[in-house]
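The structure appears below as C-alpha cells.
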Amino acid sequence: MKGTFPTDKFEGMETPFYYYDTNVLRETLKSIKQETARHDNWFVHYAVKANANPKVLSIIREAGLGVDCVSGGEIEASVNAGFPARKIVFAGVGKSDWEINLGLEKNIFCFNVESIPELEVIDHLAAAKNKVARVAFRLNPNVGAHTHANITTGLAENKFGISMHDMLTVIERASQMAHVQVVGLHFHIGSQILDMGDFEALCNRINNLQDELDRHRIRLEHINVGGGLGVDYMHPNRVSIPDFKAYFNTYAKKLKLRQGQTLHFELGRAIVAQCGSLITRTLYVKEGAFKKFAIVDAGFTDLIRPALYQAYHKIENISSEEPADTYDVVGPICESTDVFAKQIDLNRVRRGHLLAIRSAGAYGEIMASQYNCRRLPKGYTAEEF
C-alpha cells in the first residue's frame, strides 16, 4: 500500500523537497495527549533537533507541548515559533557562553547540566546577570539500548551525562553555589528504541537512584526521562503512529515518582518521523552490468541517514502503477555512499517519475547540507497544496 500524496500538484515543483502530512502529525500529537491526559504531573517536550521546520513547530506548539533544545539556535527557533520560555529545556554536552546567556535572558525552565565545569560556568554567568539558573543534572545511567551503536547515549562510554557515582558530589557542589538551583535529574538512553524493556531498565535505575537520594534526605522536583521511542520505518502507512500506549504505560507502571514530583519526556523522532517524506524526481534510469539504477535528484545532502547510519527508508514510486522492477536508488553526489536503497522493488521507474522517501520527518530536512554547493531542500506542509 502506498501513501497518499497530491502528486498532480507536485509535478511543476522544483525537487527535491520535503512534504509534511499535517494530518498524520496532528493525529500523532492527539495520541500523545490522550495517553498522558490522566497524569496531571506529566509534561511532554518536543526535541527540536529532530525537525525545526517553522510550520511543524507551530503545529506542535498549538498542541500544547514544550520543547527540548540542544543549541542557542534551537532556543531562538522555539521562541520565534511561540513556545513560552517556561516550557523550554536546554540540554547538550557543550553549551557555549552565548547560548547559556540566551537561556538566562529568556528565563527558560531548566538547563540540563552534563558536567561540573558546565555547572560552574552557568553559576558564573548567572551571577553576572544577578539571576538564579534552574538546573537538572543529566546522569549517565549506563543502560544499554537495543538500537544502532551511533545513537546510544546512556552507556558509560558515551560522552553524555555525569557518572551516577558522582550524583551526590555534584548535588552537594551545586548547593554551595548562590546562582544555581537544582530542580531535577535528567536521563536519555538513546534513540529509535522499540524494546520497552530498555525503558523499564531505565525506570529501575532511576528508582534505585531516588532511593539513594532519600537516604540523604534529598528530594528533587522533576524527573526527566528523555525520549528515544522509535517508529516503524518498514510500514509507514500501516503504522503511522508509534506505540505511545506501551511507552507511557511503562513509565506509569515501573517508575516510582515521589509525592509532588513531575515527570518530563523529550520525544522527537516519534512525533515527526512518519509525517515527513522526501520527494525526489528521477533523472535517469541507468542499466548497469548487474543491476538497474534509478538516479534521482536528491542526495545525502538532503537526507543523510542512509549514508550515516545505513538507515532504512521505504521508497515509493508515486508516479507509476506499472509492474514492479528492481533498482538501486542513488543520488547525484560525488560519493559512493550516496545511496538511498539497494535492490528494492518499485513500480517501473522512468525519467521524470517522482519517488517518495518515507518516514523522513525526523533528522531529514534539519540535517541537510550544501556539500557539492547544492541548494538546501525546502519543506512544505499539506495545507500549502
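As the structure is a prediction and not an experimental result, all values here were calculated from the model.
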Tell me, please, which residues at least two apart from Tyr284 pass side-chain contact (heavy atoms from CB on, under 4.5 Å). Ile295, Arg351

What do the steps show when you test Ser31 against Gln34 for side-chain hydrogen bond (donor to acceptor under 3.5 Å, both in side chains), and what is the final call? CA-CA 5 Å; Ser31 178; Gln34 287 176 339; 5.0 Å; no

Could you pull out the closest heavy-atom pair between Gly268 and Ala50, with the gap in Å? C-CB, 3.8 Å

Which residues satisfy the side chain to side chain donor-acceptor pair (under 3.5 Å) test with Asn317, sequence neighbours excluded? His353

Check: Leu267 and Phe244 side chains under 4.5 Å, non-hydrogen atoms: yes

Besides Phe385, the hydrophobic cluster formed by Ile, Leu, Val, Met, Phe, Trp and Tyr side chains linked at under 4.5 Å, directly or via other members, contains Phe5, Phe10, Met13, Phe17, Tyr19, Ile279, Ile318, Leu354, Tyr380

Where at least one partner belongs to residues 94-113, residue pairs that pass salt bridge (charged side-chain N to carboxylate O under 4.0 Å, His left out), sequence neighbours excluded: Lys95-Glu118, Glu105-Lys129

So does Asn204 get a backbone contact from the side chain of Asn208, meaning a donor-acceptor N/O pair under 3.5 Å? yes

Crowded around Asp40 CG? As in, over 12 foreign heavy atoms under 6.0 Å? no

From Phe199 atom CZ to Ile193 atom CD1, the distance as rounded to the nearest 0.5 Å: 4.0 Å

When you compare the side chain of Leu278 with that of His313, does any pair of heavy atoms fall below 4.5 Å? no

Validation row: Ser175, Val182 side chains within 4.5 angstrom (heavy atoms): no

Okay, side chain of Asp68, backbone of Tyr46: is any donor-acceptor separation there less than 3.5 Å? no

Partners of Asp214 by side-chain contact (heavy atoms from CB on, under 4.5 Å), sequence neighbours excluded? Asp211, Arg219, Arg258

In terms of hydrophobic clustering (I, L, V, M, F, W, Y; side-chain heavy atoms under 4.5 Å; direct or indirect links), are Ile218 and Val183 co-clustered? no

Before giving the answer on side-chain hydrogen bond (donor to acceptor under 3.5 Å, both in side chains), spell out for Tyr233 and Gln192 the whole-Å C-alpha distance, their side-chain angles and the decisive distance to 0.1 Å. CA-CA 10 Å; Tyr233 283 95; Gln192 186 50 22; 4.6 Å; no

Indicate yes or no for a side-chain donor-acceptor contact from Gln210 to the backbone of Asn207 under 3.5 Å, with no hydrogens or angles considered. no

Check: Leu213 and Met167 side chains under 4.5 Å, non-hydrogen atoms: yes

Val67 and Ser78 have their tightest heavy-atom pair at CG2-OG, 3.6 Å

Asp195 (side chain) donor-acceptor with Gly197 (main chain) under 3.5 angstrom: yes

What pairs with Lys292 under side chain to side chain donor-acceptor pair (under 3.5 Å), at least two apart in sequence or on another chain? Asp325

Check: Glu200 side chain, Met196 main-chain N or O, donor-acceptor pair, under 3.5 Å: no

Is it true that the side chains of Thr22 and Glu383 contain a donor and an acceptor less than 3.5 Å apart? yes

Connected via hydrophobic side-chain network under 4.5 Å: Leu119 and Leu125: yes

On a heavy-atom basis, which atom in Val70 and which in Gly92 lie closest, and how many Å separate them? CG1-N, 4.5 Å

Using side-chain heavy atoms (C-beta onward) and a distance below 4.5 Å, is Asp302 in contact with Arg374? yes

Tell me if the NE2 atom of His124 is crowded by more than 12 foreign heavy atoms within 6.0 Å. no

Give the table of side-chain donor-acceptor pairs shorter than 3.5 Å for residues 80-89, with sequence neighbours excluded, one pair per line with atom names and distance.
residue : atom : partner : partner atom : Å
Asn80   : ND2  : Glu76   : O            : 3.2
Lys87   : NZ   : Gly64   : O            : 3.0

Gln261 side chain to Leu220 main-chain N or O, any donor-acceptor pair under 3.5 Å? yes

Any salt bridge (charged side-chain N to carboxylate O under 4.0 Å, His left out) involving residues 225-245? Give me the pairs, sequence neighbours left out, ordered by first then second residue. Glu35-Lys245

Should we say atom NZ of Lys291 is surrounded by more than 12 heavy atoms from elsewhere, each under 6.0 Å from it? yes

Would you call Glu266 and Arg138 a salt bridge, using N to O less than 4.0 angstrom? no

Enumerate the residue pairs fulfilling ring pair (Phe, Tyr, Trp, His ring centres under 6.0 Å) with a member in residues 204-226, sequence neighbours excluded, ordered by first and then second residue. Phe109-His222, His222-His264

Using modelled atom types only, decide if a donor and an acceptor are shared between the side chain of Tyr363 and the backbone of Ile304 within a distance under 3.5 Å. no

Nearest heavy-atom neighbours spanning Arg375 and Gln370: CA-NE2, 4.5 Å

Val239 backbone acceptor or donor facing Gln274 side chain under 3.5 Å: yes

Over all atoms of both residues, closest heavy-atom pair of Ile271 and Thr28: O-CG2, 3.7 Å

Going by the rule side-chain contact (heavy atoms from CB on, under 4.5 Å), which residues pair with Ala126 if we only count those two or more places apart in sequence or in a different chain? Leu104, Ala133, His179

Using a 4.5 Å cut-off on heavy atoms from C-beta on, say whether the side chain of Leu57 contacts that of Asn51. no

Side chain to side chain, Asn53 and Tyr18, heavy atoms closer than 4.5 Å: no

Do Thr280 and Asp297 get their side chains close enough for a donor-acceptor pair, meaning under 3.5 Å? yes

Should we say atom NZ of Lys30 is surrounded by more than 12 heavy atoms from elsewhere, each under 6.0 Å from it? no

Would you check if Val329 and Leu346 make a side-chain contact, meaning some heavy-atom pair closer than 4.5 Å? yes

Hey, can you tell me if Tyr251 and Tyr247 have their rings parallel, tilted or perpendicular (30° and 60° cut-offs)? perpendicular

Quick one: side chain to side chain donor-acceptor pair (under 3.5 Å) partners of Glu287, sequence neighbours excluded? none

Rounded distance [0.5 Å steps], CG in Leu263 versus CD1 in Ile206: 8.0 Å

Here the pair of heavy atoms bringing Val225 nearest to Phe265 is CG2-CD2, 3.5 Å

Salt bridge (charged side-chain N to carboxylate O under 4.0 Å, His left out) pairs, two or more places apart, involving residues 308-323: Lys2-Glu321, Glu316-Arg358, Glu322-Arg348, Glu322-Arg350

Counting only N and O atoms by type, is there a donor-acceptor contact under 3.5 Å from the side chain of Tyr20 to the main-chain atoms of Val56? no

